[in-house]
Structures are given as C-alpha cells and as structure tokens.
Amino acid sequence: MSIRIDAEKLRQEIEDEQNEKLKIALFGQPGAGKSSLINLIVGQPVARTGATTDMTTEAKMIEHEELLLVDLPGYGTSKFPPNRWMEQFQPEELDLFLCVFSSKFHEADSAFFKELKDKGRVCIFVRNKQDDLWEEGKTTEELEADIIADVRKHVGSAENVLFVSCRTKVGLTELVDAIYAALDPAKRDKYARSAKAYSKEHLDAKRAACEKSVYKYAGLAAANGLNPVPGVNIGVDISIMLKQFNDIRKSYGLSDEKVNKLIPSLLPLGKQVLEYSTKEGILLLLKRFAGREASVQVGRFIPIVGQAIAAAAGFGMTLAAGKSYLNDCHLLAEKILEEELGIAQ
C-alpha cells in the first residue's frame, strides 16, 4: 500500500467527518429558554437570549464545532400547519429532538411528539426553569411527579422528563448524559468532542473521542512531511498539527481568554497548553519524542491510518506529540471542572 494512497484516504475521512454535523433540534413553547439551553450545552453564548417571547417563524441554525443546533418554529400554528411543517423542516434529517417546556405541557407539543414517534425519531423531554417550581403545600419532588404524570398523559407513553435550570445549572449533567446515551453510537464522538462537559464521565468520553482524531491527524501530518524538524531527520506537516492541537483545545473549551483567567495554581499548566499549540511549541514536542518508533506497534494503528502511514518514520513521533498535548488539555480541563464543582484538590 502506498503512503500517498493511505494519506489521501485519511484526509478524505477527516474532511467527511468534519463536514457531517450532528443535528440536534429543540422545539416547544415560546419563552421556555431554548436559547439559554443551547448556550449551556455548548458552553458558549452562541445563541441570543432575552426576556422577549420567542416568535420563531423559521428554523434557526446554530453551528458549533461538529454540532448543528436547530431552534425549530412552532408546530401546528396558522403559519405552519402540521403537513406544511413536516414538509418544510423534514425531521427525518435531524438526529435528536429536545422538547423544551417551562409551564403546562401543550397540545401542540404532544401532537408533534406523536408525529416524531411515527417517524422513528428520538425525543427527550426537558422541563426548563426547574428553580421556578413552587406551589404552597407541595414539595419540589411532588411538583415534578405531577409534571411527569401530565407529560405521560399527553404523549400516551412512559417518557422520561428531565428537570433543568439554566440559572442554577441543576440537571445539566443528567441532560448531557441523556443526549449522549440517546445518540447512535457512531455519532456519540461528535457530541462528546463538541458539547461542554459537566462531569468527569463526559470528560473521559471527550478524551476518548479526541484520541481517535489524534491518530488520524498525526498520521496525516507524518505522511505529508513538508516541514523538516530541526535536529531530526524527519519531516512533518506542521500546519496539520497546528489544526489538530487547535481542535483539541476547542473541544475542551480552552480558549486564550479562559486560560488567561485561570486561578494562579492552574496558570502554569494553562500557559503550557497555550505555548505548545504554537508552531514553536509543536516543534519542541516533536523533538522530545523524536526517538519514538512506530514500527513495533504497526498492527495496532493499521485500521485507523493504514499500513504505509503506520510504518512511516515520523508516525510514532507525531502520535506521541499529539497524545502528550491531549493529556495536558485533559488534565487542565479536569482541574477546571473540579474548581467549578467545588471539589477539594
């Protein structure tokens, strides 16, 4: 097998994977907080929020990394009667649906869910604004039980309801886990890489997903071999490694701004993450791992990068550098999460 053929195949796989977005749609009541929920899922203010009632008349597409979040307009309205809605927005092309509500469950939500069920689509029910639940003489648990019973009465099945508060962040870990579990296994890596982690379990899933990309990027960088590494008789495509490291940083939400605002105890590791994501930092990492040989582990990587690339001189070096950078990012993200959760160091 030619290294050129392996490299072209690998390049096409990377392009295809990045171009195919995971499509998650949110529908439900105006003012239920869909935009706020989108921002919390990705961990960034990508959707505009406000106190005004949402009068969506067309699907709003919000792209973030490998996710495409779709804020759908109302179903069964005068503007979008059921048949026209289904024809225009084609739910069969979307991967997962979140029914978001913050008051009494609506008949329109029930009708739409039944349409989705008939089409074999998966839907998760999200009762937002959990912190507003209150009624004299009833506990929060009793109120939640009443809501669950009401939803099941409307949809005619024992669907689970997740309770979430965008204000207090209650229930976000459960929501993120539920989305991950509901996805087709082939699409879970996209979600793990792109969504914000609210638990160590999600961070571990993110790391495993990123590691698969590290193999591919490292192999492609080694196969291209455009830039000689000083002091090492091997060439590597630095631009590919720069993109790889940038993708890892984005997956963990480690922007320059966030890293520079870290508490003093985390700042040294944060600065290291930033420094190694530059051309000069990558060259330092490559030189550190220049002695790594891929030949003794060829069989392990053939299914991912191809035999020719796995046997190439620079593959072991680029893979080791990529995994080292991933380890640094993961460790920093773990410590940031512990700080956010108030876990003792």
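When reading the values below, keep in mind they use all heavy atoms of this one structure, side chains included, and skip hydrogens, waters and symmetry mates.
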Would you compute the distance between atom [atom1] of [X] and atom [atom2] of [Y] and round it to the nearest 0.5 angstrom?
X: Glu65; Y: Ser251; atom1: CD; atom2: OG; value: 7.5 Å
X: Asn160; Y: Cys123; atom1: CG; atom2: SG; value: 11.5 Å
X: Leu284; Y: Glu275; atom1: CG; atom2: CD; value: 9.5 Å

Contact between [X] and [Y] at the side-chain level, heavy atoms closer than 4.5 Å - yes or no?
X: Glu280; Y: Leu283; result: no
X: Lys271; Y: Asn260; result: yes
X: Asn246; Y: Ser277; result: no
X: Ser324; Y: Phe289; result: yes
X: Arg127; Y: Leu133; result: yes
X: Glu17; Y: Ser213; result: yes
X: Leu332; Y: Leu266; result: yes
X: Gln130; Y: Glu144; result: yes

Ion pair [X]/[Y], N-O distance below 4.0 Å:
X: Glu257; Y: Lys261; answer: yes
X: Asp204; Y: Lys200; answer: no
X: Lys190; Y: Asp184; answer: no
X: Glu340; Y: Lys258; answer: yes

Do any N or O atoms from the side chain of [X] and from the backbone of [Y] form a donor-acceptor pair under 3.5 angstrom?
X: Lys153; Y: Ile148; answer: no
X: Lys196; Y: Asn39; answer: no
X: Asp95; Y: Leu22; answer: no
X: Thr173; Y: Tyr198; answer: yes
X: Lys114; Y: Gly156; answer: no

Stepwise side chain to side chain contact (heavy atoms under 4.5 Å, CB included) check, Arg167 with Asp132: CA-CA 10 Å; Arg167 184 186 305 163; Asp132 285 345; 4.0 Å; yes
Between [X] and [Y], what is the shortest heavy-atom contact and its length?
X: Ile24; Y: Leu98; value: CG2-CG, 4.2 Å
X: Leu162; Y: Glu174; value: CD1-O, 4.1 Å
X: Ala181; Y: Arg188; value: O-NH2, 3.0 Å
X: Ile62; Y: Ala47; value: CD1-CB, 3.4 Å
X: Asn128; Y: Ala32; value: ND2-O, 2.9 Å
X: Val42; Y: Val46; value: CG2-CG2, 3.6 Å

Ala209: side-chain contact (heavy atoms from CB on, under 4.5 Å) partners, not counting sequence neighbours: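 By the side-chain contact (heavy atoms from CB on, under 4.5 Å) rule, Ala209 matches Asp189, Ala192, Arg193.
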Test side-chain contact (heavy atoms from CB on, under 4.5 Å) applied to Asn327 - qualifying residues, sequence neighbours left out: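 So Asn327 forms a side-chain contact (heavy atoms from CB on, under 4.5 Å) with Arg207.
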Can you tell me which residue pairs pass the ring-ring contact (aromatic ring centres under 6.0 Å, His included) test with a partner in [range], sequence neighbours excluded?
range: residues 132-157; value: Phe105-His154
range: residues 159-190; value: none
range: residues 230-262; value: Phe245-Tyr325, Tyr252-His330

Option passing side chain to side chain contact (heavy atoms under 4.5 Å, CB included) with Tyr217 (candidates Leu10, Leu319, Ile14, Thr318):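 Single side chain to side chain contact (heavy atoms under 4.5 Å, CB included) partner of Tyr217 among Leu10, Leu319, Ile14, Thr318: Ile14.
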Geometric cation-pi criterion, Lys212 with Tyr215: 6.0 Å, 45°: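 Ring-cation test returns no.
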Would you be so kind as to tabulate the donor-acceptor pairs closer than 3.5 Å made by side chains of residues 219-239, with sequence neighbours excluded?
| residue | atom | partner | partner atom | Å |
| --- | --- | --- | --- | --- |
| Asn224 | OD1 | Arg11 | NH2 | 3.3 |
| Asn224 | ND2 | Asp237 | OD2 | 2.8 |
| Asn227 | OD1 | Ile238 | N | 2.8 |
| Asp237 | OD1 | Ser239 | N | 3.1 |
| Asp237 | OD1 | Ser239 | OG | 2.6 |

Evaluation steps, side chain to side chain contact (heavy atoms under 4.5 Å, CB included), between Leu116 and Phe27: CA-CA 12 Å; Leu116 293 178; Phe27 71 95; 3.9 Å; yes
More than 12 heavy atoms of other groups within 6.0 Å of Lys250 NZ: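 No, NZ of Lys250 has 12 or fewer neighbouring heavy atoms, counting only those of other groups under 6.0 Å.
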